[in-house]
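One structure is given below, encoded as structure tokens.
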Amino acid sequence: MNHGENNITVVDEQGNEQLCEVLFTFDSEEFGKSYVLYYPVGADDDEEDIEIHASAFTPNENGEDGDLMPIETDEEWDLIEEMLNTFLEEQENEE
């Protein structure tokens with residue numbers, strides 16, 4: 001995964017690659033991790049709800065390429081949901 005880029009390539013359990021667009025990233029001092037929220041490229045062309053995915057990641061020394069890791073706790077999910085809601089509210093206010 002490229003940290004700070006607009007697109008990332010996600011590999012699923014079956015080894016399939018999918019190009020995704022990064023919605024936003026943020027760091028959590030509480031959990032000592034960085035998080036990325038993303039959705040499949042082209043999903044925003046549909047008028048249906050977009051399924052947003054979230055993963056934790058640790059960037060390498062130069063702040064780029066990191067491995068995506070699953071979210072492990074309900075507390076992390078609560079933080080991500082709160083950050084997403086804040087992000088969406090800010091987007092609505094800009095329009």
Side-chain angles (χ1 to χ4, degrees):
M1 189 200 95
N2 291 327
H3 182 57
E5 300 271 332
N6 289 334
N7 292 324
I8 59 174
T9 301
V10 178
V11 180
D12 65 16
E13 294 82 21
Q14 290 81 34
N16 300 316
E17 291 185 1
Q18 182 171 34
L19 185 63
C20 294
E21 187 164 334
V22 174
L23 189 60
F24 69 95
T25 62
F26 68 95
D27 300 320
S28 169
E29 289 183 16
E30 179 182 355
F31 296 107
K33 296 180 183 176
S34 297
Y35 297 92
V36 58
L37 280 78
Y38 56 93
Y39 57 91
V41 167
D44 55 352
D45 296 338
D46 296 336
E47 292 189 17
E48 299 175 20
D49 289 336
I50 297 171
E51 184 177 352
I52 297 173
H53 303 276
S55 295
F57 74 95
T58 306
N60 63 15
E61 295 78 32
N62 62 11
E64 297 177 358
D65 296 342
D67 292 325
L68 294 178
M69 298 167 287
I71 308 303
E72 298 173 343
T73 66
D74 289 340
E75 290 82 5
E76 286 179 278
W77 279 117
D78 291 344
L79 173 66
I80 290 167
E81 188 174 331
E82 184 178 315
M83 294 296 290
L84 177 59
N85 289 337
T86 300
F87 175 82
L88 294 174
E89 286 174 14
E90 289 173 358
Q91 293 299 307
E92 285 179 13
N93 291 337
E94 290 179 9
E95 294 178 1

- Test log, rule side chain to side chain contact (heavy atoms under 4.5 Å, CB included), inputs E51 and Y39: CA-CA 6 Å; E51 184 177 352; Y39 57 91; over 6 Å; no

- Item | Working for side chain to side chain contact (heavy atoms under 4.5 Å, CB included), residues T9 and L19 | CA-CA 5 Å; T9 301; L19 185 63; 4.0 Å; yes

- Item | Derivation of the side chain to side chain contact (heavy atoms under 4.5 Å, CB included) call for F26 and T86 | CA-CA 12 Å; F26 68 95; T86 300; over 6 Å; no

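The salt bridge (charged side-chain N to carboxylate O under 4.0 Å, His left out) analysis of residues 73-90, with sequence neighbours excluded, yields the pairs K33-E76.
Side-chain atoms of S55 and H53, non-hydrogen and from C-beta on, never get closer than 4.5 Å to each other. For the pair F57/I8, no side-chain contact is recorded, criterion being any heavy-atom separation below 4.5 Å from C-beta on.
Between the CZ atom in F24 and the CG atom in L88 there is a gap of 7.5 Å [rounded to 0.5 Å].
Residue M69 is not grouped with residue Y35 when hydrophobic side chains (ILVMFWY) are merged at heavy-atom distances under 4.5 angstrom, including chains of intermediate members.
With L23 as the fixed residue, the side-chain contact (heavy atoms from CB on, under 4.5 Å) test singles out one of N6, I50, L84: L84.
Atom CD of Q14 is surrounded by more than 12 heavy atoms from other residues, nucleotides or ligands within 6.0 Å.
For the side-chain contact (heavy atoms from CB on, under 4.5 Å) test, residues two or more places apart in sequence or in another chain that qualify with V11 are E17.
The two atoms that bring V41 and C20 nearest to each other are CG2-C, 3.7 Å, heavy atoms only. Nearest heavy-atom pair, A56 versus I71, reported as atom, atom and distance to 0.1 Å: N-CD1, 3.5 Å. For L68 against V10, the heavy-atom pair with the smallest separation is CD1-CG2, 3.9 Å.
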